[in-house]
Peer 1: 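Mind looking over this structure? Questions follow.
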Amino acid sequence: MAIKGPKGTHDIIFNDINKWHTIESKLTDLMEVYDYQEIRTPIFESTELFLRGVGDTTDIVDKEMYTFQDKGDRSITLRPEGTASVARAFIEHSGFNEVLPSKFYYIGPMFRYSRPQTGRFRQFHQFGVEVIGSINPYLDGEVLEMMMKIFTSLGIKNLNLEINSVGCPKCRPLHKEILKDYLKLYFNELCPTCQGRYEKNPLRIFDCKNTKCQEIINNGPYITDNLCNECNEHFEEVKKYLAMSKVEYVLNKKMVRGLDYYTKTAFEITAGREGAQSSIGGGGRYDGLIEELGGPSLPGIGFAIGLERVVLTMEEQSLFDNLIRIRKKVYVANVSEDNIDAAVKLVQNLRNLGIVAIYDIMTRKLKGQFKYANKINADYVITIGDDEVKNNVYQLKNMNTGEQIVCSYDELIKNLGGE
RNA sequence: GUGGGUGUAGUUCAGUGGUAGAGCGCUAGUUUGUGGUACUAGUUGUCGUGGGUUCGAGUCCCAUCAUCCACCCCA
């Protein structure tokens with residue numbers, strides 16, 4: 001039995017890789033425009049980083065981490081998300097002594113041990129952005145606007161941005177008490193999961209799908225009603241920026257995100273997929289994280305986009321159909337084996353001019369070579385035979401129009417767009 | 001972690017307990033130096049794996065593994 005890839009992993013192979021390249025190049029282009037720098041951190045870290053950074057009441061840490069002991073008996077974890085690593089690297093390299101804010105983006109694999117299903121893998125890929133060092137609410141707005149621009153520039157439709165404010169260490173504890181006082185009255189009616197959440201993280205009850213729990217929580221106090229002045233003003237400014245930038249959003253007072261480090265602005269974005277795994281990105285502000293991880297008290301904000309879900313959404317919306325290949329492909333065919341060396345030489349010359357060129361390495365007959373050229377979507381086929389070699393001319397066929405001309409080397413290069 | 005579906009060719013899938021199949025793809029051919037269409041031929045199978053029932057199992061039963069879908073959670 002042949003060995004298969006581990007559960008929850010997938011290969012990006014054959015034509016699929018073009019989809020990823022398309023997305024990645026769009027992303028890196030945009031990041032340049034916004035003047036963000038790429039950061040590459042290791043894909044494994046000390047387990048402790050995630051325990052402290054992501055939070056040990058989260059499901060991610062609780063049950064989804066790939067953790068193991070290495071040969072030096074260190075506890076290692078494959079990163080389940082990117083923010084903690086970026087924060088760690090920022091602190092470790094004293095980013096706070098450099099010009100602020102630090103603006104990073106990253107792209108790479110993440111690992112979570114969960115049951116795979118549509119749009120969910122154990123090794124999956126995220127693109128993410130982190131900005132450290134500014135508390136300005138306009139930054140929240142800019143980051144949101146940028147995230148939306150990523151999706152719209154890829155052509156993705158039916159986007160739905162939801163935002164909320166989850167408060168800060170000043171107002172959230174107070175709100176939690178108010179919420180708990182309210183929930184106490186209905187405690188016995190909550191589902192078992194939510195009864196457990198009551199002590200550990202009552203805000204998460206908002207996420208419950210149970211209709212009874214929803215009924216109870218819908219009539220309860222919302223965090224946005226109990227924000228401190230600072231958080232409230234901040235949130236108002238964020239919304240002002242979004243209105244100014246014509247970024248459409250829905251205020252979702254019930255949204256509470258699954259990671260402990262979020263403060264103030266939190267957001268999530270979906271793209272019209274029905275039900276399961278419709279979320280293609282999310283993020284928020286994390287003003288306490290840098291300090292929590294041993295750095296100075298600096299605010300931060302970021303988001304992550306699930307690339308598998310972007311690919312899935314783009315496939316569903318048929319957005320890969322009209323990908324335009326900018327570089328033309330030239331196939332150099334030989335009439336017989338005697339002409340192969342001439343074909344090779346031509347291919348080498350074309351390549352030196354930056355023209356994409358290939359020739360037959362399967363010793364196919366001429367007809368077979370044309371079939372092959374057609375299959376690989378060659379734009380041109382140049383045929384080399386004894387006549388052409390003798391007369392120093394080239395048969396150039398445009399595979400899209402079917403037109404074929406005889407030309408000199410200079411004309412050939414000119415036709416192929418070379419210098 | 002919970003629940004459901006499916007495992008047969010590269011792929012998508014037929015296959016009533018009795019000789020292993022089709023479409024697509026791929027490879028080659030259809031006499032002369034030219035693709036897409038058409039036609040012809042070929043295409044590698046421990047029918048996921050291990051047990052059981054049976055004269056006989058791709059088919060029925062059990063187990064196991066894999067995979068897909070949904071829940072949970074998230075991207």
Side-chain angles (χ1 to χ4, degrees), chain A residues 1-10 13-14 54 57-65 80-83 107-128 147 191-194 196-197 201 204 207-210 255-259 267-271 273-283 302-313 331 333-336 338-339 362-389 395-404 406:
Chain A
M1 182 77 92
I3 297 169
K4 290 198 264 189
K7 191 187 188 80
T9 64
H10 69 294
I13 190 173
F14 302 132
V54 178
T57 67
T58 61
D59 280 29
I60 290 177
V61 169
D62 207 35
K63 56 184 194 186
E64 294 183 353
M65 293 213 299
E81 56 102 54
T83 306
I107 185 163
M110 304 293 163
F111 305 84
R112 290 183 202 173
Y113 192 90
S114 56
R115 283 274 277 270
Q117 66 186 78
T118 310
R120 188 166 70 198
F121 300 88
R122 288 183 171 178
Q123 175 173 339
F124 60 104
H125 298 79
Q126 284 189 336
F127 167 85
M147 183 172 74
C191 73
T193 319
C194 286
R197 283 167 170 160
N201 196 350
R204 288 292 301 285
D207 276 340
C208 190
K209 304 285 192 297
N210 183 298
M255 183 177 61
V256 289
R257 307 225 62 230
L259 285 76
F267 50 91
E268 196 168 323
I269 185 157
T270 57
R273 290 172 48 68
E274 285 297 315
Q277 267 68 54
S278 59
S279 168
I280 58 175
F303 67 78
I305 291 173
L307 295 180
E308 274 80 2
R309 291 183 188 178
V310 169
V311 170
L312 199 63
T313 304
Y331 183 90
N334 61 77
V335 173
S336 77
D338 297 339
N339 311 119
M362 294 293 284
T363 54
R364 290 183 164 98
K365 290 191 197 170
L366 187 60
K367 194 186 187 87
Q369 293 179 55
F370 266 84
K371 280 192 178 181
Y372 175 77
N374 191 58
K375 260 172 205 148
I376 63 166
N377 288 314
D379 296 284
Y380 296 100
V381 173
I382 299 167
T383 308
I384 305 271
D386 290 343
D387 297 347
E388 287 78 13
V389 172
Q395 298 277 351
L396 175 65
K397 180 164 189 172
N398 181 323
M399 294 296 276
N400 300 315
T401 64
E403 250 178 291
Q404 181 162 305
V406 185

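Please read all numbers here as calculations on a predicted model, not as lab measurements. Note on naming: letters A, B, ... go to the chains in the order of the sequence lines (proteins, then strands), and numbering restarts at 1 for each one.
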Peer 1: Which is true for A:Gly368 with a 4.0 Å heavy-atom rule: it touches a base, it touches only sugar-phosphate, or it touches nothing?
Peer 2: nothing

Peer 1: Among B:C74, B:G1, B:U34, which nucleotide sits nearest the side chain of A:Arg204?
Peer 2: B:C74

Peer 1: Scan A:Gln395 against the nucleic acid and name what it touches under 4.0 Å (heavy atoms): base, sugar-phosphate only, or nothing.
Peer 2: base

Peer 1: Specify the separation, in whole Å, of atom CD1 of A:Ile376 and atom P of B:U34.
Peer 2: 19 Å

Peer 1: For the pair made of NZ in A:Lys63 and P in B:C73, what is the distance, rounded to whole Å?
Peer 2: 7 Å

Peer 1: Tell me if the side-chain of A:Arg115 makes a donor-acceptor pair with the base of B:C73, cut-off 3.5 Å, by modelled atom types.
Peer 2: no

Peer 1: B:C69, OP1 or OP2 - any side-chain N/O from A:Thr118 closer than 4.0 Å?
Peer 2: yes

Peer 1: Looking at the side chain of A:Leu366, which of B:G33, B:U30, B:A75 is the nearest nucleotide?
Peer 2: B:G33

Peer 1: Can you tell me how far C1' in B:G4 sits from the matching atom in B:U46, rounded to whole Å?
Peer 2: 30 Å

Peer 1: Tabulated below should be each protein N or O lying under 3.5 Å from an N or O of nucleotides 24-27 of chain B; please produce it.
Peer 2:
{"unit_1": "B:U27", "atom_1": "OP1", "unit_2": "A:Arg364", "atom_2": "NH2", "d": "3.2"}
{"unit_1": "B:U27", "atom_1": "OP2", "unit_2": "A:Lys375", "atom_2": "NZ", "d": "3.1"}

Peer 1: With rounding to whole Å, what would you report as the distance between B:A57 and B:G17 at their P atoms?
Peer 2: 14 Å

Peer 1: Counting distance only, does the side-chain N/O of A:Gln123 pair as donor-acceptor with the main-chain N or O of A:Thr9 below 3.5 Å?
Peer 2: no

Peer 1: Output the distance between atom OG1 (A:Thr313) and atom CG (A:Leu307), rounded to the nearest 0.5 Å.
Peer 2: 11.0 Å

Peer 1: Would you state whether a donor and an acceptor, one from the side chain of A:Arg112 and one from the base of B:A75, lie under 3.5 Å apart?
Peer 2: yes

Peer 1: Given B:C74, B:U30, B:U34, which nucleotide is nearest the side-chain atoms of A:Arg309?
Peer 2: B:C74

Peer 1: Could you tell me if the side chain of A:Pro80 sits less than 4.5 Å from the side chain of A:Met110, heavy atoms only?
Peer 2: no

Peer 1: Counting only side-chain nitrogens and oxygens, does A:Lys7 get under 4.0 Å of the OP1 or OP2 atom of B:U67?
Peer 2: yes

Peer 1: Using a cutoff of under 3.5 Å, can you pull out all pairs of nitrogen or oxygen atoms linking the protein to nucleotides 42-45 of chain B, with atom names and distances?
Peer 2:
none

Peer 1: Distance check, P atoms only: B:G45 and B:A20, in whole angstrom units.
Peer 2: 14 Å

Peer 1: Kindly write out the residues that satisfy ring-ring contact (aromatic ring centres under 6.0 Å, His included) with A:Phe267, not counting sequence neighbours, or none if the list is empty.
Peer 2: none

Peer 1: Do A:Gln404 and A:Gln395 have a side chain donor and acceptor closer than 3.5 Å?
Peer 2: yes

Peer 1: When you compare the protein's N or O atoms with those of nucleotides 5-10 of chain B, which come within less than 3.5 Å of each other, and at what distance?
Peer 2:
none

Peer 1: Quick one: is B:A70 close enough that its OP1 or OP2 comes under 4.0 Å of any side-chain N or O from A:Gln117?
Peer 2: yes

Peer 1: Any idea which of B:A75, B:G33, B:G36 is nearest the A:Asp387 side chain?
Peer 2: B:G33

Peer 1: Are the side chain of A:Arg112 and the backbone N or O of A:Met65 linked by a donor-acceptor pair below 3.5 Å?
Peer 2: no

Peer 1: Counting only side-chain N and O atoms of A:Lys365, is one of them less than 4.0 Å from OP1 or OP2 of B:G33?
Peer 2: no

Peer 1: Compare side-chain N and O positions of A:Ser336 against OP1 and OP2 of B:G33 and report whether any pair is under 4.0 Å apart.
Peer 2: no

Peer 1: Taking OP1 and OP2 of B:A75, is either one under 4.0 Å from a side-chain nitrogen or oxygen of A:Arg257?
Peer 2: yes

Peer 1: Does any N or O donor sit under 3.5 Å from an N or O acceptor when you compare the side chain of A:Lys367 with the base of B:U34?
Peer 2: no

Peer 1: Can you say whether a donor on the side chain of A:Glu64 sits under 3.5 Å from an acceptor on the base of B:G1, or the other way round?
Peer 2: no

Peer 1: Please report, rounded to the nearest Å, how far the P atom of B:C73 is from the CD atom of A:Glu81.
Peer 2: 18 Å

Peer 1: Would you mind reading off the distance between A:Asp338 atom CG and B:G33 atom P, rounded to a whole angstrom?
Peer 2: 13 Å

Peer 1: Which base, if any, makes a Watson-Crick or G-U wobble pair with B:G29, both distances under 3.5 Å?
Peer 2: B:C39

Peer 1: In Watson-Crick or G-U wobble terms, both distances under 3.5 Å, what is the partner of B:C74?
Peer 2: none

Peer 1: Whole angstrom is fine here: how far is it from CZ in A:Phe14 over to P in B:U11?
Peer 2: 11 Å

Peer 1: How far, in whole Å, is B:C47 from B:U54 if one measures between their P atoms?
Peer 2: 22 Å

Peer 1: Within the structure shown, what part of the strands sits under 4.0 Å from A:Glu308 by heavy-atom distance: base, sugar-phosphate, or nothing?
Peer 2: nothing

Peer 1: Taking the same atom, P, in B:U11 and in B:G25, what whole-Å distance lies between them?
Peer 2: 16 Å

Peer 1: Under the salt bridge (charged side-chain N to carboxylate O under 4.0 Å, His left out) rule, collect the residues that match up with A:Arg257, sequence neighbours excluded.
Peer 2: A:Glu268

Peer 1: Could you state the CZ-C1' distance from A:Arg122 to B:A75, rounded to the nearest angstrom?
Peer 2: 16 Å

Peer 1: Short question: side chain of A:Glu308, backbone of A:Arg120 - any donor-acceptor pair under 3.5 Å?
Peer 2: no

Peer 1: Can you tell me the pairing partner of B:A57 across any strand shown, Watson-Crick or G-U wobble, with both distances under 3.5 angstrom?
Peer 2: none

Peer 1: Just so I know, are the side chains of A:Ile382 and A:Tyr331 near enough to count as touching, which here means a heavy-atom distance under 4.5 Å?
Peer 2: no

Peer 1: Considering only atom C1', compute the distance from B:G58 to B:G21 and round it to an integer number of Å.
Peer 2: 12 Å

Peer 1: Assign each of A:Leu307 and A:Phe370 to its nearest nucleotide of RNA chain B by heavy atoms, then name whichever residue's nucleotide is nearer the 5' end.
Peer 2: A:Phe370

Peer 1: Return the value, rounded to whole Å, for the distance between atom NZ of A:Lys371 and atom C1' of B:A38.
Peer 2: 10 Å

Peer 1: Take the protein atom CG of A:Asp59 and the nucleotide atom P of B:U2, then report the distance between them rounded to whole Å.
Peer 2: 15 Å

Peer 1: Think A:Gln369 has a side-chain N or O under 4.0 angstrom from the OP1 or OP2 of B:G35?
Peer 2: no

Peer 1: So which nucleotide does B:U19 pair with, by the Watson-Crick or G-U wobble rule with both distances under 3.5 Å?
Peer 2: none

Peer 1: Does the plane of the ring in A:His125 sit parallel, tilted or perpendicular to the ring in A:His10? Use 30° and 60° as the thresholds.
Peer 2: perpendicular

Peer 1: Heavy-atom distance under 4.5 Å between the side chains of A:Tyr113 and A:Lys63, does that happen here?
Peer 2: no

Peer 1: Measuring only the P atom in each nucleotide, how far is B:U30 from B:G23? A whole number of Å is fine.
Peer 2: 23 Å

Peer 1: Expressed as a whole number of Å, how far does the C1' atom of B:U12 sit from that of B:U53?
Peer 2: 33 Å

Peer 1: Side-chain contact, heavy-atom cut-off 4.5 Å: A:Phe124 with A:Arg309?
Peer 2: no

Peer 1: Partners of A:Phe370 by ring-ring contact (aromatic ring centres under 6.0 Å, His included), sequence neighbours excluded?
Peer 2: none

Peer 1: Using purine N1 to pyrimidine N3 plus N6-O4 or O6-N4 for Watson-Crick, or N1-O2 and O6-N3 for G-U wobble, both under 3.5 Å, which nucleotide pairs with B:U67?
Peer 2: B:G5

